[in-house]
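Please read the structure below before turning to the comments.
First the proteins, then the strands, lettered A, B, ... as listed; each starts at 1.
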2 protein chains.
Amino acid sequence: MAGIIKAESYHIQAYKYIQKSLLEKKYKPGEQITEVGLANELEISRGPIREAMRMLMQDGLFVQNGSRTFVFNPSYQDALDLYLCKERLEPLAAKLAAKNIDEDGKMELSNMLDKIENSVANEQPVEEITTYNTEFNDLILTFSKNDQLIHFMNLIRSKTIYMRNALLGEVNRRDVFLEEYRAITAAINQNDDCLAEQLMIKHVEVDLEMLKQYFENATEEE
Amino acid sequence: MAGIIKAESYHIQAYKYIQKSLLEKKYKPGEQITEVGLANELEISRGPIREAMRMLMQDGLFVQNGSRTFVFNPSYQDALDLYLCKERLEPLAAKLAAKNIDEDGKMELSNMLDKIENSVANEQPVEEITTYNTEFNDLILTFSKNDQLIHFMNLIRSKTIYMRNALLGEVNRRDVFLEEYRAITAAINQNDDCLAEQLMIKHVEVDLEMLKQYFENATEEE
DNA sequence: TATCTGAAAATTGTCAACATTTTAAATAGT
DNA sequence: ACTATTTAAAATGTTGACAATTTTCAGATA
């Protein structure tokens with residue numbers, strides 16, 4: 001029957017709910033998480049909660065210490081470490097995308113870029129631009145057509161986002177990478193894989209520089 | 001009390017057991033896995049089994065299709081894709097190790113190399129050499145002192161090993177990278193991070209070449 | 001005051017039962 | 001023979017109960 005949807009199983013919903021809550025800082029870095037607590041909060045039994053927690057642990061977002069579970073509490077060093085990994089894999093994605101993208105893909109990427117241009121021109125809220133940033137990078141990742149890379153980058157992404165949040169506190173990043181995105185899009189659309197790779201390396205480095213700046217500001221206020 | 005150990009919880013044991021079984025081809029690529037089956041086999045209830053399965057799924061070793069679970073059935077392309085990732089991260093590990101290793105580390109790495117030299121010289125069984133290969137690379141990873149990288153590389157490693165197994169069938173790889181390991185060890189011990197990185201890139205490429213060869217032989221026999 | 005001790009409370013570990021959904025098989029109708 | 005339809009079997013989804021640990025904390029002891 002059309003339009004009939006079946007609900008996702010609880011462990012999946014719990015998994016997503018927790019991920020979301022982490023970004024919303026409902027659970028804070030270093031905070032202890034208990035099965036019972038989560039089960040009460042979501043009003044489901046502990047079974048599915050456990051499954052969700054195991055998934056989060058494999059992702060590295062939850063950390064186990066003895067028999068207790070805590071929200072991953074990243075150090076500044078962790079963020080730097082992660083960016084080192086990002087700096088290797090993200091450019092690979094760009095390179096592969098430039099090699100493997102087809103005409104439809106080029107169109108899609110250009111449309112995405114337009115969306116961002118508009119969003120920036122009309123001074124839309126930070127959230128919207130952040131969302132588009134993610135979508136833009138996701139698109140490139142998809143066009144890389146490398147399933148393994150996609151898998152790892154997804155892990156890195158969710159961790160990056162979480163870490164930025166965790167380390168930067170209430171700071172509101174308003175990152176505009178318009179020029180960089182334009183250049184990257186152009187390189188990919190021209191199938192210039194080397195250039196795409198170089199530009200992406202540069203982009204990750206700039207992104208890291210900004211993180212460092214924000215971090216220094218955020219910490220000296222305390 | 002000394003010597004008193006408490007058993008690991010069932011989901012951990014199940015997780016390890018399954019990983020091991022995958023390498024031993026007890027469960028074959030593409031094979032369907034049921035909770036009930038595993039629960040009966042390990043003679044425990046389905047709860048812990050589910051947790052272990054969720055972990056394996058996050059690792060990418062189990063794959064879900066609808067409500068059914070299958071052992072990851074890697075294509076040759078998957079292997080190539082994975083090596084592309086490996087080629088980026090493994091050299092990073094070598095580079096960082098060259099930068100961050102201390103005197104104790106250098107000693108440890110040299111000892112490891114000696115072990116391998118002996119093992120090869122005395123024509124020990126393939127399994128022993130393979131084990132040492134892994135340990136050697138693990139050591140470098142540890143010395144990189146980058147926790148994030150360690151986490152991702154572990155994922156890549158277990159997947160690589162599994163894939164090789166899955167794709168190569170009964171083929172018995174007897175890979176000796178002695179010369180390469182000597183060079184890498186030297187570079188790291190001299191803190192020459194650029195050289196260490198380059199050598200490791202080369203090494204991963206050689207490794208990939210061998211995989212390709214083995215694969216072609218393995219497939220044309222069918 | 002410091003620390004030892006031993007309930008009491010909280011939390012994780014495990015299971016078995018039951019509900020729901022999915023898959024496979026058997027039957028019947030064309 | 002082919003394909004619906006029904007039924008049975010198997011698997012997953014979810015829960016509540018209970019066991020085993022771990023933590024917490026008040027009171028006892030030095």
Could you identify which residues of residues 55-73 of chain A place a heavy atom less than 4.0 Å from some atom of DNA chain C, listed by residue number, or say none?
A:Ser67

Atom-pair distance (CE on B:Met53; P on D:dA11), nearest Å
12 Å

Validation row: B:Met200, B:Lys86 side chains within 4.5 angstrom (heavy atoms)
no

Atom CD of B:Glu51 and atom P of D:dT12 are separated, to the nearest Å, by 16 Å

Scanning both residues in full, the closest heavy-atom pair of B:Arg46 with B:Ala39 reads CG-CB, 3.9 Å

Looking at A:Lys99, I want to see if its NZ is surrounded by more than 12 non-hydrogen atoms of other residues, nucleotides or ligands under 6.0 Å.
no

B:Ser9 has a side chain; which of C:dT22, C:dG13, D:dT14 sits nearest to it?
C:dG13

Pi-cation contact, B:Phe152 with A:Lys159 (under 6.0 Å, within 45°)
yes

Interatomic distance where NE2 belongs to B:His11 and C1' belongs to C:dT12 [whole Å]
10 Å

Mind running a 4.0 Å heavy-atom check of residues 34-48 of chain B against DNA chain D and sending the residues that fall below it, in number order?
B:Thr34, B:Glu35, B:Val36, B:Arg46

Once you round it to whole Å, what is the distance between C1' of C:dG13 and CD1 of B:Ile12?
12 Å

What is the minimum heavy-atom distance between B:Asp147 and A:Asp81, and which atoms define it?
N-OD2, 3.7 Å

For the side chain of A:Tyr10, starting at C-beta, report the closest nucleotide among D:dT14, C:dT14, D:dG13.
D:dT14

Which heavy atom of B:Gln13 sits nearest to which heavy atom of B:Ala7, and what is that distance?
NE2-CB, 4.1 Å

Parallel, tilted or perpendicular, judged at 30° and 60°: which one describes the rings of A:Tyr162 and A:Phe72?
tilted

Contacts of B:Glu24 meeting salt bridge (charged side-chain N to carboxylate O under 4.0 Å, His left out) (sequence neighbours excluded), chain-then-number -> B:Lys20

What is the distance from CD of A:Gln32 to P of D:dT24, rounded to the nearest Å?
8 Å

Rounded off to whole Å, could you give me the CD-to-P distance for the A:Glu8 and D:dT14 pair?
11 Å

Under 4.0 Å, heavy atoms only, any strand: does A:Ile33 hit a base, just the sugar-phosphate, or nothing?
sugar-phosphate

d(CZ, B:Arg50; C1', C:dT14) in whole Å
15 Å

Verify the contact: side-chain N or O of A:Arg54 to OP1 or OP2 of C:dG13, cut-off strictly under 4.0 Å; return yes or no.
yes

More than 12 heavy atoms of other residues, nucleotides or ligands under 6.0 Å from CE of B:Met107: is that the case?
no

